[in-house]
Amino acid sequence: MLSFSVQAQTTQEGASLRDRYEQGKRLYEQRKYEQAIEIFRPLSRQEQSNPYVEYASYYFGLSALKSGQYDLAKNMFLQIISKHSKWDKLGEINYWLANTYFRMGDYNQAMGLVEEIKKSQLSTELKEDVAVMKEYFLEQATSEELKRMLKQYPTDMMVAEQLVKNMSVMLYDADERLLMDSLVQAFDIDMASLGAVSKEASVKKEAYQVAVLLPFLHKNLSPDARQQGNQFILDLYKGIKMAAEDLKQEGINVYVHAYDTERSGEKTHELLSRKEMELMDVFIGPLYADPIQEVTQYTREHQKYMFNPLSINPAVIGENPFSYLMRPSLITEGRRAAQFAIDSLGKNNAVVITSKSGQDSMRVSSFVKAFEEGGKRNAIILEEDNFNRERIGELVEMLNELGEDNLIYVASGKDLIISNTVSAVVMAEHKVPVIGSEEWLEVSTISYDQLEGFEEYLISPSYIDPSNEKFKDFKERYRKRFYEIPNKYTYVGYDLMAYIGNMLDRYGVYFQEFYTQKDKINSLFYSGYDYFNANDNQLVPIVKYEEAQLKQVDVRP
């Protein structure tokens with residue numbers, strides 16, 4: 001009777017263990033991981049009558065992993081390896097332990113386990129699963145994490161390929177580009193197969209699609225109005241369309257598709273969700289903050305270029321390596337002004353006149369950094385929010401005291417600051433050179449006679465040489481077609497579209513990758529395009545008013 005009683009109790013305990021184990025598995029399959037952990041916790045303890053200890057521990061670890069309790073999962077998997085070293089499932093345990101380390105960001109331990117599994121006698125299927133897992137987590141790693149991994153595993157092809165892929169979609173950086181090129185050569189990496197942005201991945205087509213996303217506000221357009229409220233948008237688009245037509249005459253098939261963003265991020269998001277957008281090769285626009293944010297996200301995800309035809313604000317580029325400014329940014333302008341002051345004017349001191357606006361501050365910081373580099377030169381910054389007669393007099397006195405080894409850089413586009421600076425310079429004893437911007441040409445209180453009366457230099461990305469034959473031809477054709485004179489927006493639209501079309505035809509969809517340090521691309525109207533290691537145009541023309549006309553005096557990047 002005693003023997004029968006013990007046997008019955010043992011059977012009952014076995015049934016109870018089995019029932020709890022099955023219950024835990026059901027909870028795991030139902031993704032109720034917290035409840036599953038509580039069932040598996042006691043079953044994972046080593047007991048003489050417990051045949052489920054290994055599997056209970058295994059599912060305990062998986063439940064912890066899938067509920068995000070990585071430390072708990074790691075400890076359980078390590079415990080299994082330590083206590084059940086002869087279990088035939090240790091290969092899978094190592095797989096899940098590596099998975100846990102990857103999720104914890106401990107790439108050193110994870111990669112060590114991956115290498116261990118790769119060299120083991122485990123099944124080919126498990127090794128293939130490990131390779132897929134490794135590829136997945138490498139795609140999540142940052143470039144800095146990948147660099148550390150590559151230092152530890154210098155022959156790992158998968159790490160090298162992912163690092164190259166990461167760097168190919170970063171904003172241009174000379175050191176990163178050198179590293180990427182060296183890895184491509186050392187590992188013989190096929191950039192096209194990676195789907196990475198590169199010369200090798202730049203596909204040429206018989207025809208290209210360009211999406212123009214601008215605030216046409218078509219609902220507000222009036223057929224009877226001679227000038228619309230957003231006329232500059234329509235003029236810009238006319239130039240784009242006319243360039244596409246001229247390209248077709250040259251055998252370059254570029255089809256333009258116009259979309260009205262309505263200045264709305266929500267509307268732009270709806271436009272981008274259309275299936276046809278996947279067929280677009282290049283995006284022109286948009287112009288306003290919310291639409292820009294939507295298109296920035298889309299072009300980054302889909303690796304397509306976007307060009308802003310009007311902005312000079314580097315914030316438009318942001319962290320998007322596929323976003324470009326047709327014009328030099330404010331930062332590039334400031335740096336170029338400093339280079340011109342040093343190389344061409346040979347001055348050691350500068351008076352920087354500015355307002356407190358954010359855009360002006362970009363020009364100022366860029367100029368001062370470049371001008372004072374090496375500690376040889378000095379810049380004085382004057383913020384002029386209330387530039388009245390008294391301040392003009394004080395500025396005249398300052399210029400007289402500073403002497404001739406000086407220049408003035410006007411980093412503001414505000415009319416009052418520009419006109420009052422001109423007045424102070426004219427009244428000063430010493431005729432110091434002044435560097436300004438093309439905004440000066442739009443200030444009604446400044447005459448061309450005044451500009452010719454002192455040594456002024458204007459940063460003018462929009463400068464067009466009036467003797468340019470292509471410019472004169474376009475102007476005449478436009479006048480005959482539309483019975484009006486084209487304006488600066490029409491020129492911008494035409495030139496940008498001509499540039500994009502010719503570059504697509506010459507190099508394919510990733511044409512910006514073909515810039516070299518020596519080369520610049522000619523423009524039909526302007527000084528040209530240069531995007532070497534940059535996302536804004538590095539060509540910054542400087543003009544001077546003399547002999548009753550503007551003349552270009554410098555155009556170096």
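For the single chain, residues carry numbers from 1 onward in sequence order.
Proximity of the aromatic rings of Phe216 and Tyr237 is defined here by a centroid distance below 6.0 angstrom, and this criterion is met. Close placement of the Tyr305 and Tyr324 rings is indicated, their centers lying within 6.0 Å of each other. Checked against the 6.0 Å centroid criterion, the rings of Tyr409 and Phe371 do not qualify as a close aromatic pair. Note: Phe322 and Phe283 fail the aromatic proximity criterion, with ring centroids not under 6.0 Å apart.
When all heavy atoms are compared, the tightest approach of Arg263 to Pro215 is CG-CB, 3.6 Å. Listed here is the closest heavy atom pair of Tyr526 and Pro461: CD2-O, 3.8 Å. Of all the heavy atoms in Gly508 and Tyr208, the pair that sits closest is CA-OH, 4.0 Å. Of all non-hydrogen atoms in Met497 and Ala243, the two that sit nearest each other are CB-CB, 3.5 Å.
Side-chain N or O atoms of Asn308 include one that pairs as donor or acceptor with a backbone N or O of Pro286 at under 3.5 Å. Without hydrogens or angle criteria, Ser329 side chain to Leu325 main chain gives no donor-acceptor distance under 3.5 Å. At distances below 3.5 Å, at least one donor-acceptor pair connects side-chain atoms of Asn537 with backbone N or O atoms of Gly528. A donor-acceptor distance shorter than 3.5 angstrom exists from the side chain of Asp495 to the backbone of Phe525, with no hydrogens or angles considered. Between the side chain of His302 and the backbone N or O of Tyr298, at least one donor-acceptor pair lies under 3.5 Å. When atom types are taken as modelled, the side chain of Asn468 and the backbone of Leu524 share a donor-acceptor pair closer than 3.5 angstrom. For Asp530 (side chain) and Gln538 (main-chain N/O), no donor-acceptor pair under 3.5 Å exists by modelled atom type. Put simply, the side chain of Lys238 never gets that close to the backbone of Gly493: no donor and acceptor are under 3.5 Å apart. Formation of a donor-acceptor pair under 3.5 Å by the Asn166 side chain with backbone atoms of Ala141 is found in this model. Between the side chain of Ser323 and the backbone N or O of Asn320 there is no donor-acceptor pair closer than 3.5 Å.
Between Phe471 and Tyr491, the angle of the ring planes goes over 60°, which puts this pair in the perpendicular group of the 30/60° scheme. Ring orientation note: the planes of Tyr531 and Tyr515 are nearly perpendicular, at an angle over 60° on the 30°/60° scale.
One distance of note links CG of Leu163 with CG of Leu179; it measures 5.5 Å at 0.5 Å rounding. Once rounded to the nearest 0.5 Å, the distance linking CG of Leu214 with CD of Glu262 reads 13.0 Å. Between the CG atom of Leu407 and the CD1 atom of Ile435 there is a distance of 5.0 Å, given to the nearest 0.5 Å. Interatomic distance, CG of Asn230 versus CG of Asp260, reported as 8.5 Å (0.5 Å rounding).
No more than 12 heavy atoms of other residues, nucleotides or ligands sit less than 6.0 Å from atom NZ of Lys475. Atom CD of Glu476 has more than 12 neighbouring heavy atoms from other residues, nucleotides or ligands inside a 6.0 Å radius. Lys369 NZ: 12 or fewer foreign heavy atoms inside a 6.0 Å radius. Around atom CD of Glu546, more than 12 heavy atoms belonging to other residues, nucleotides or ligands sit under 6.0 Å away. With a 6.0 Å radius and a threshold of 12 heavy atoms from other residues, nucleotides or ligands, Gln303 has its CD atom above the threshold. Heavy atoms from other residues, nucleotides or ligands lying under 6.0 Å from NZ of Lys551 number more than 12. Residue Glu319 places its CD atom among 12 or fewer non-hydrogen atoms of other residues, nucleotides or ligands, all under 6.0 Å distant. Other residues, nucleotides and ligands contribute at most 12 non-hydrogen atoms within 6.0 Å of the NZ atom of Lys248.
Side chains of Ser462 and Glu438: a donor-acceptor N/O pair is present below 3.5 angstrom, by distance only. Under 3.5 Å, the side chains of Glu333 and Ser437 contain no donor-acceptor pair of N or O atoms. Side chains of Lys520 and Asn522: a donor-acceptor N/O pair is present below 3.5 angstrom, by distance only. There is no side-chain donor-acceptor pair under 3.5 Å between Tyr510 and Asp281. Defined by atom type and a distance below 3.5 Å, a donor-acceptor pair is present between the side-chain atoms of Asn487 and Thr490. With 3.5 Å as the limit, one finds no donor-acceptor pair spanning the side chains of Thr296 and Gln293. Looking only at atom types and distance, the side chain of Asn313 has no donor-acceptor partner in the side chain of Ser311 under 3.5 Å away.
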Practice item. Begin from the C-alpha positions of Lys356 and Glu384 and carry the test salt bridge (Lys or Arg N to Asp or Glu O under 4.0 Å) through to its verdict. Key: CA-CA 8 Å; Lys356 291 184 178 179; Glu384 301 294 348; over 6 Å; no
Point to revise | Chi angles and distances behind the side chain to side chain donor-acceptor pair (under 3.5 Å) call for Glu294, Thr268 | key: CA-CA 7 Å; Glu294 294 292 335; Thr268 306; over 6 Å; no
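The side chain to side chain contact (heavy atoms under 4.5 Å, CB included) test applied to Glu394 returns Glu390, Arg391, not counting sequence neighbours. With sequence neighbours excluded, the residues that form a side chain to side chain donor-acceptor pair (under 3.5 Å) with Gln209 are His257.
Considering Ile189, Asp181, Leu146, Val159 in turn, Ile189 is the only one that fulfils the side-chain contact (heavy atoms from CB on, under 4.5 Å) rule with Val164.
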